[in-house]
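Here's the structure we're looking at; comments come further down.
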Amino acid sequence: MDLQDQLKNLFPDHAPSEDSQETKKDEGLWIPDDVVECHFEKRKGKPNTIIKGYTGNDDDFKQLAKDIKRHLGVGGSTKNDEIIIQGDFRDKIMKYLEDMGMKVKRVGG
């Protein structure tokens, strides 16, 4: 039961106005036709997984980075059209991106 149903149960005579209803926007990420590359690098002696080749807009790019970090439970950042994930998680990231429908290529190592 969502919030709207609960409000209807509490206030059966109330009719919501058109302005109060939120419009839902498309929350899906853009899936590129090109191959997304998954690299492994050591920077300052620490392992990093770097994702290159995602060609969506900036909002989708940041949302993808956020989703990956949340899925793995690790830190990371976005810089220069790259998603940098702390640690070597190439296999998990590749599976996650393939489940989303992206073509992924493992580069290096």
Side-chain angles (χ1 to χ4, degrees):
M1 180 179 274
D2 66 349
L3 181 62
Q4 294 295 331
D5 294 336
Q6 292 176 0
L7 289 173
K8 287 179 186 177
N9 289 339
L10 290 174
F11 304 104
D13 297 334
H14 177 72
S17 64
E18 297 279 329
D19 296 335
S20 67
Q21 294 179 353
E22 297 179 17
T23 58
K24 292 184 179 179
K25 69 175 199 174
D26 185 21
E27 295 182 14
L29 292 175
W30 183 76
I31 306 298
D33 294 332
D34 298 335
V35 176
V36 176
E37 296 177 351
C38 191
H39 295 265
F40 173 75
E41 289 183 13
K42 282 196 171 186
R43 294 186 176 178
K44 297 184 181 177
K46 298 187 183 203
N48 290 305
T49 304
I50 299 169
I51 302 161
K52 298 179 183 178
Y54 184 75
T55 56
N57 64 20
D58 288 339
D59 293 334
D60 286 348
F61 183 71
K62 290 181 181 181
Q63 185 63 40
L64 176 63
K66 185 176 181 179
D67 291 345
I68 290 171
K69 291 188 295 185
R70 183 180 297 136
H71 176 73
L72 297 173
V74 298
S77 65
T78 59
K79 190 186 291 184
N80 299 334
D81 294 332
E82 297 177 345
I83 300 173
I84 302 167
I85 303 295
Q86 297 173 355
D88 185 9
F89 293 101
R90 285 177 289 182
D91 295 331
K92 291 180 182 179
I93 291 172
M94 288 174 62
K95 180 163 180 3
Y96 181 73
L97 294 176
E98 286 171 353
D99 290 344
M100 291 178 68
M102 294 186 197
K103 298 175 192 170
V104 185
K105 179 174 147 184
R106 184 179 181 137
V107 177

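Bear in mind that the values here come from a model prediction, so they are computed numbers and not experimental data.
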**Message:** Side chains of Asp59 and Gln63 only: does a donor on one sit below 3.5 Å from an acceptor on the other?
**Reply:**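 There is no such pair (donor and acceptor under 3.5 Å, judged by atom type) between the side chains of Asp59 and Gln63.
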Same cluster for [X] and [Y] if Ile/Leu/Val/Met/Phe/Trp/Tyr side chains link at under 4.5 Å?
X     : Y     : result
Ile84 : Tyr54 : no
Met94 : Ile50 : no
Val35 : Phe61 : no

Under 4.0 Å between a side-chain nitrogen and a carboxylate oxygen: does that hold for [X] and [Y]?
X     : Y     : answer
Asp88 : Arg90 : yes
Glu37 : Lys52 : no
Lys62 : Asp58 : no

**Prompt:** Is the backbone N or O of Phe40 less than 3.5 Å from a side-chain atom of Thr49, with the two atoms forming a donor-acceptor pair by type?
**Reply:**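 Not a single qualifying donor-acceptor pair exists.
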How many angstroms lie between [atom1] in [X] and [atom2] in [Y], if you round to the nearest 0.5 Å?
X     : Y      : atom1 : atom2 : answer
His71 : Lys95  : NE2   : NZ    : 8.0 Å
Glu82 : Thr78  : CD    : OG1   : 10.5 Å
Ile51 : Asp81  : CD1   : CG    : 13.0 Å
Asp34 : Lys103 : CG    : NZ    : 8.0 Å
Cys38 : Glu98  : SG    : CD    : 10.0 Å

Closest approach of [X] to [Y] (non-hydrogen atoms, all atoms of both residues):
X      : Y     : answer
Lys69  : Ile85 : CG-CD1, 3.7 Å
Pro47  : Lys42 : CA-CG, 4.3 Å
Met102 : Val36 : SD-CG2, 4.1 Å

**Request:** Indicate yes or no: at least one non-hydrogen side-chain atom of Leu64 is less than 4.5 angstrom from one of Met100.
**Result:**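 A side-chain contact under 4.5 Å exists here.
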**Message:** Within the 4.5 Å heavy-atom criterion, are Ile68 and Leu97 side-chain neighbours or not?
**Reply:**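 Ile68 reaches Leu97 side chain to side chain.
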**Prompt:** Going through the checks in order, is the side chain to side chain contact (heavy atoms under 4.5 Å, CB included) test met by Val107 and Lys105?
**Reply:** CA-CA 6 Å; Val107 177; Lys105 179 174 147 184; 4.1 Å; yes
**Request:** List the steps and the verdict of side chain to side chain contact (heavy atoms under 4.5 Å, CB included) for Asp91 and Arg106.
**Result:** CA-CA 9 Å; Asp91 295 331; Arg106 184 179 181 137; 2.6 Å; yes
**Asked** Around Asn80, counting heavy atoms of other residues, nucleotides and ligands shown, do more than 12 lie under 6.0 Å from its CG?
**Response**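 Atom CG in Asn80 is not crowded, with 12 or fewer foreign heavy atoms closer than 6.0 Å.
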